[in-house]
Amino acid sequence: MDFALTPTQVEFRDRARAVAEKLAPDYQARERAGRIDPELRREIGGAGLIAPELPVALGGQGVDRLTSGIIAEEIGRGDINVAYLQVVGSLVGQIVAANAAPTVAAHWVPQICSGDEIVGIGLTEPHAGSDAGMPKLTAVRDGDDWVLNGSKSLSFGRDAAAVVVFARTGPSPRRGKDISAFLVPLDLPGVTREPAPDMGTKAVGRGLAHLTDVRIPGDHLLGEQGRGFTQVMQGFDFSRALIGLQCLGCAQQTVDETWQYVSTREAFDRPLSTNQGVAFPLAEAETLLAAARLLCYRTLWLKDTGQPHTTEAAMCKWWAPKVAYDVVGQCLLLHGQFGYRTELPVEQRLRDVLGLQIGDGTAQIMKLIISRQKLGRELAP
Ligand SMILES: Cc1cc2nc3c(=O)[nH]c(=O)nc-3n(C[C@H](O)[C@H](O)[C@H](O)COP(=O)(O)OP(=O)(O)OC[C@H]3O[C@@H](n4cnc5c(N)ncnc54)[C@H](O)[C@@H]3O)c2cc1C
């Protein structure tokens, strides 16, 4: 067993860390602006930090998935919302690269990697998030085209230039059957957008895309017709580990700052840190973050080495965001009233990291996946 990072991993980590240090001072300003500046997006893409595991021929860097995770973690230290660019870019980029017609992939994937455009993922709908295998969005063949009707939720709902959606393309009433994936450019007639009034993640600009008789070319089908759920959804295992690391980076930064704060603020004539009741929760936080990080790294290593990792990915997705949320909440309390105030970034981090206990599937759904992997569908809840 070798825990050392390779020279390439170290190089990308340092590059992402330098970007994160530049991002951190404007984390709160980005929330106030409610957006991530497209120039910043291009800068991060230009540094090779969006979907870097994709092949060089499609604009990626050809690195391993562990490197992608390390980048998500590092950028998450500076701004958890900006890290969505890398996480969504990796998820969608690999879906499009693996399943789109070559001309469609050649058009979109390089633009994802460069940060020129965002392509969102529209799996859930207002009526069905956990039950994503029962979409109401329909896609009907009309000549050479597909015509889509329905609504999808997506991160980057305001800024995405296109979205990968999962739509019903047949009559089967069974969950996950007759579902196909499509790439839908969002500048087409019939597309309207509705912002989500979220409590956090405001810089990401989540929202809904409503599609009314939206007509897309036949070659925008991804993978095989009717197999979208089983074939195209395989990419989600990868992004679950990335989300875990995105959250852990945010929490680690908060712990680092909190050690500093409790060493310098005094109560009862001595630094706060000299109380076990202050230092020990931080020691516990370090332990939890180290354990959750190893779980995420190992999951990405399993992916990189072609081994099954669905169970581990679901573990990453339910546990790491929860650990991160609990740790950030503990750090907020250790800042006293200043943690509760909006001058410091801690309260925003708490709101932002909370969203990722829901986005991409809740803890209950992840535990359902783990149970099914262990027991089989018949015996699992
Ligand atoms: C920050 C953020 C980003 C997001 N980004 C995207 C995106 O990019 N693309 C996208 O498609 N969607 C996105 N979503 C939507 C997200 O994936 C869904 O909100 C999530 O899957 C939960 O679905 P729901 O909100 O419909 O809740 P429901 O499915 O209505 O669930 C409500 C509650 O019931 C529980 N529950 C449901 N079924 C079961 C069960 N069988 N057993 C036990 N408990 C159950 C759930 O765990 C949850 O606690 C995002 C959401 C957030 C908050």
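The first residue of the sequence shown is numbered 1, and numbering continues consecutively from there. Order of appearance sets the numbers: ligands from 1, and atoms from 1 within every ligand.
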Shortest reach to atom 16 (C) of ligand 1 by a heavy atom, considering only Asp131, Leu91, Thr362, Ile358: Ile358
Heavy-atom nearest neighbour of atom 5 (N) of ligand 1 within options Ser155, Gly361, Gly157: Ser155
salt_bridge(Asp360, Arg240) N-O dist < 4.0 Å: yes
Min N/O separation Gln364 to ligand 1 under 3.5 Å: yes
Closest protein heavy atom to atom 41 (N) of ligand 1, given as residue, atom name and distance to 0.1 Å: Leu368 CD2, 4.2 Å
Donor on one side chain, acceptor on other, Tyr27 and Asp352, under 3.5 Å: yes
Contact atoms of ligand 1, heavy-atom distance to Asp360 under 4.0 Å: 17 (O)
Aromatic ring proximity Tyr261/His335, centre distance under 6.0 Å: yes
Distance-only polar pair, side chains of Gln252 and Arg293, donor-acceptor under 3.5 Å: yes
N or O pair under 3.5 Å between Ser130 and ligand 1: yes
Polar atom proximity, Ile365 to ligand 1 (N or O, under 3.5 Å): no
Cation-pi, Phe338 ring and Arg341 (6.0 angstrom, 45 degrees): no
Taking atom 53 (C) of ligand 1 as the reference point, the nearest protein heavy atom with its distance: Gly355 O, 3.6 Å
Under-4.0 Å heavy-atom contact with ligand 1, by part of Val88 that carries it: neither
Contact bool for atom 32 (C) of ligand 1 (protein heavy atom, d < 4.0 Å): no
Those atoms of ligand 1 less than 4.0 Å from some heavy atom in Ile121: 7 (C), 8 (O), 9 (N), 10 (C), 11 (O)
Side-chain donor-acceptor pair present, Trp318, Gln364, cut-off under 3.5 Å: no
Close approach, Trp318 and ligand 1, non-hydrogen under 4.0 angstrom: no
Any protein heavy atom < 4.0 Å from atom 25 (O) of ligand 1: no
Modelled atom types, side-chain donor and acceptor of Thr342 and Glu347, under 3.5 Å: no
Which residue and heavy atom of the protein sit nearest atom 23 (O) of ligand 1, plus the separation: Gly129 CA, 3.1 Å
Distance from atom 12 (N) of ligand 1 to nearest protein heavy atom, with residue and atom: Thr124 OG1, 2.8 Å
Ligand 1 contacted by Ser153 (non-hydrogen, < 4.0 Å): yes
Between Gln225 and Asp178, a side-chain donor and acceptor under 3.5 Å: no
Lys/Arg N to Asp/Glu carboxylate O, Asp37 vs Arg41, below 4.0 Å: no
Salt-bridge criterion met for Asp198 and Arg351 (N-O under 4.0 Å): no
Closest protein heavy atom (residue, atom, distance) for atom 50 (C) of ligand 1: Arg206 NH1, 3.4 Å
Tyr84: numbered ligand 1 atoms lying under 4.0 Å from its heavy atoms: 1 (C)
Any donor-acceptor N or O pair under 3.5 Å, side chains His309, Thr299: no
